[in-house]
> 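I am attaching a structure below and will ask some questions about it afterwards.
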2 protein chains.
Amino acid sequence: MSGEQVQEKVFNEKDQHLDEETLFVVSQTFKALSDPTRIRILNFLCTGEHSVTDIAETLNLSQSSVSHQLRFLKNLRLVKFRREGTTLYYSEDDDHVMNLLKQAIDHAEHH
Amino acid sequence: MSGEQVQEKVFNEKDQHLDEETLFVVSQTFKALSDPTRIRILNFLCTGEHSVTDIAETLNLSQSSVSHQLRFLKNLRLVKFRREGTTLYYSEDDDHVMNLLKQAIDHAEHH
DNA sequence: TCTATATATGAGCATATAATTATATATTAA
DNA sequence: TTAATATATAATTATATGCTCATATATAGA
């Protein structure tokens, strides 16, 4: 009986059970999008690549705070950067996640 | 000069600037989806309505923990419930957010 | 009314998170 | 090599978060 239930769950796995890795990836992804500062940074990067200083000044944030959040986003491969001299230009690096963000913003703005 | 910049931002608002309320709503929405327990609960509710006890047993969580998280989700109107005797049956109440969750799960599962 | 069952809630605790401050690193130019 | 600029990082602090334990509330039945 209990054996059957377990078996049944295995068969239903596709559309119901979440394995640990999926759970981790999904929660991390949404965690990245759950902080107002990171949302503002990602939303700003929608307009193209920007340096750390540019991001900090435009969004009225400290350089350190922006750098910390960019590291967070870079670890999740949501942003990437290229160097030009001492300046690092950051830009989006995950279309899927940016799409989720845009959907949520759109939905929030149109109630 | 500084006046022009401000003005320019007002005109670009549609596709770039996020007002505080939008920022708050978006971050709250993603915060709801950023916790593994809440993800599991919402994902389970994809299969239909379930009582608190059912959710707790199926997902191997304490009754209290489930109840707390359901209150969180109910405050954001992501779930609703109906009563039948002493039993409360919870179910999804926000198609848009459930859709965001499904997209993220789908994407994570298919790498 | 008393009891049992189902759920909600409050308090406390441990951990996570985000900002700040100070400092370190890296690149370029003089 | 020194100075200037841009960025990264470490340590600290304050707050947020999620769980557990204990208890409260609500409904139904005896």
Side-chain angles (χ1 to χ4, degrees), chain A residues 18 20 23-45 49-91 93 101, chain B residues 18 20 23-45 48-91 93:
Chain A
L18 299 176
E20 276 212 30
L23 203 56
F24 180 74
V25 170
V26 170
S27 64
Q28 285 296 109
T29 300
F30 284 128
K31 193 157 295 178
L33 300 174
S34 72
D35 176 69
T37 298
R38 287 192 292 269
I39 292 173
R40 294 178 72 213
I41 291 174
L42 289 172
N43 184 64
F44 183 46
L45 292 181
E49 66 175 15
H50 293 281
S51 71
V52 178
T53 300
D54 187 7
I55 296 170
E57 285 176 356
T58 303
L59 302 182
N60 213 24
L61 299 166
S62 74
Q63 177 269 318
S64 178
S65 173
V66 171
S67 192
H68 276 296
Q69 298 296 2
L70 286 171
R71 179 167 61 166
F72 182 106
L73 295 171
K74 191 159 59 65
N75 286 338
L76 291 179
R77 317 250 178 195
L78 302 191
V79 301
K80 61 183 190 297
F81 65 87
R82 73 180 174 85
R83 176 183 287 278
E84 197 169 293
T86 58
T87 302
L88 304 187
Y89 290 96
Y90 279 83
S91 56
D93 197 29
L101 177 58
Chain B
L18 299 176
E20 276 212 30
L23 204 56
F24 180 75
V25 170
V26 170
S27 64
Q28 284 296 110
T29 300
F30 285 128
K31 193 157 295 178
L33 299 174
S34 72
D35 176 69
T37 299
R38 286 192 292 270
I39 292 173
R40 295 177 71 212
I41 292 174
L42 289 173
N43 184 63
F44 183 45
L45 292 182
E49 64 174 17
H50 293 280
S51 71
V52 177
T53 301
D54 187 7
I55 297 169
E57 285 177 356
T58 303
L59 303 183
N60 213 24
L61 300 166
S62 75
Q63 177 268 319
S64 178
S65 174
V66 172
S67 191
H68 276 295
Q69 298 295 3
L70 286 172
R71 179 168 60 166
F72 182 107
L73 295 171
K74 192 160 57 65
N75 286 339
L76 291 179
R77 316 249 178 197
L78 302 190
V79 301
K80 60 183 191 294
F81 66 86
R82 72 178 175 87
R83 176 182 287 277
E84 197 169 292
T86 59
T87 302
L88 303 186
Y89 291 97
Y90 279 83
S91 56
D93 197 30

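Numbered from 1 within each chain, the chains take letters A, B, ... in sequence-line order.
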> Relative to the 5' end of DNA chain C, which residue comes earlier, F72(A) or V52(B), by the nucleotide with the nearest heavy atom?
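Final value for this comparison: V52(B).
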> Mind calculating the distance between CG (L33(A)) and P (dT17(C)) to the nearest angstrom?
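In whole Å, dT17(C) P lies 14 Å from L33(A) CG.
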> Round to a whole Å and report the spacing from CG of L61(A) to P of dA6(D).
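Those two atoms, CG and P, are 18 Å apart.
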> Looking at side-chain heavy atoms only, is the closest gap between D54(B) and F44(B) below 4.5 Å?
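Of all side-chain heavy-atom pairs linking F44(B) with D54(B), at least one is under 4.5 Å.
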> Tell me: CD of Q69(B) to C1' of dC19(D), nearest whole Å?
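Spelled out: CD on Q69(B) to C1' on dC19(D) is 9 Å.
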> Strictly below 4.0 Å: does S67(A) bring a side-chain N or O up to OP1 or OP2 of dA8(D)?
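Looking at the OP1 and OP2 atoms of dA8(D), one of them is under 4.0 Å from a side-chain N or O of S67(A).
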> L61(B) versus Q69(B): any side-chain heavy-atom pair under 4.5 Å?
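Result no, sub-4.5 Å side-chain heavy-atom pair not found.
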> May H68(B) be described as stacking on the base of dT9(C), applying a 5.5 Å centroid limit and a 30° limit on plane angle?
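Stacked: centres under 5.5 Å apart, planes under 30°.
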> Can you tell me the distance, in whole Å, between the NE2 atom of H50(B) and the C1' atom of dA6(C)?
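So the NE2-C1' distance, H50(B) to dA6(C), works out to 17 Å.
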> Counting any heavy atom closer than 4.0 Å, what does Y90(B) reach on the DNA or RNA strands: base, sugar-phosphate only, or nothing?
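Contact class for Y90(B): sugar-phosphate only.
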> Please state how far atom CZ in F81(A) lies from atom C1' in dT27(C), giving the value in whole angstrom units.
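Those two atoms, CZ and C1', are 13 Å apart.
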> Taking atom CG of N60(B) and atom OG of S65(B), what is their separation to the nearest 0.5 Å?
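That separation rounds to 11.0 Å.
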> May I ask you to say what S64(A) touches in the nucleic acid, namely base, sugar-phosphate or nothing, with a heavy-atom cut-off under 4.0 Å?
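Base, at least one base heavy atom under 4.0 Å.
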> With a 4.0 Å limit, can you tell me whether T86(A) has a side-chain N or O closer than that to the phosphate oxygens OP1/OP2 of dT7(D)?
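No, T86(A) has no side-chain N/O under 4.0 Å of OP1/OP2 on dT7(D).
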> Under a 4.5 Å cut-off applied to non-hydrogen side-chain atoms, are K31(A) and S34(A) in contact?
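Of all side-chain heavy-atom pairs linking S34(A) with K31(A), at least one is under 4.5 Å.
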> Does T87(A) put a side-chain nitrogen or oxygen below 4.0 Å from OP1 or OP2 of dA6(D)?
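Checking dA6(D) against T87(A), no side-chain N or O comes under 4.0 Å of OP1 or OP2.
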> Looking at dA26(D), I'd like to know if its phosphate oxygens (OP1 or OP2) sit under 4.0 Å from a side-chain N or O belonging to R83(B).
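Checking dA26(D) against R83(B), no side-chain N or O comes under 4.0 Å of OP1 or OP2.
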> If you check every side-chain atom of K31(A), which of dT7(D), dT17(C), dG18(D) has the closest atom?
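So the nucleotide nearest the side chain must be dT17(C).
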> Can you tell me the distance, in whole Å, between the CG atom of L88(B) and the C1' atom of dA8(C)?
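Rounding to the nearest Å, CG of L88(B) and C1' of dA8(C) are 9 Å apart.
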> Starting at atom CG of L59(B), determine the distance to atom C1' of dG18(D), rounded to an integer number of angstrom.
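Computing the L59(B):CG to dG18(D):C1' distance gives 16 Å.
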> What is the distance, rounded to the nearest whole Å, between atom CG of D35(A) and atom C1' of dT17(D)?
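About 14 Å, once rounded to whole Å.
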> OP1, OP2 of dT21(C) versus side-chain N and O of Q63(A): anything below 4.0 Å?
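For dT21(C), OP1/OP2 do not have a side-chain N/O of Q63(A) under 4.0 Å.
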> So, is R71(A) near the phosphate of dT7(D), with a side-chain N or O under 4.0 Å from OP1 or OP2?
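No, R71(A) has no side-chain N/O under 4.0 Å of OP1/OP2 on dT7(D).
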> Can you see if the side chain of T37(A) gets near the phosphate of dA19(C) - specifically, an N or O under 4.0 Å from OP1 or OP2?
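Yes.
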> Which heavy atom of S51(A) sits nearest to which heavy atom of T87(A), and what is that distance?
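Result for this residue pair: CB-CG2, 3.5 Å.
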> Quick one: is R38(A) getting a side-chain N or O under 4.0 Å of the dA18(C) phosphate, OP1 or OP2?
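Checking R38(A) against dA18(C): at least one side-chain N or O falls below 4.0 Å of OP1 or OP2.
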> What contact category does Y89(A) fall into here, base, sugar-phosphate, or nothing, at under 4.0 angstrom with non-hydrogen atoms?
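Nothing, no nucleic acid heavy atom in range.
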> Should the heavy atoms of other residues, nucleotides or ligands under 6.0 Å from CZ of R82(B) be counted, would the total exceed 12?
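More than 12 heavy atoms, drawn from other residues, nucleotides or ligands, come within 6.0 Å of this atom.
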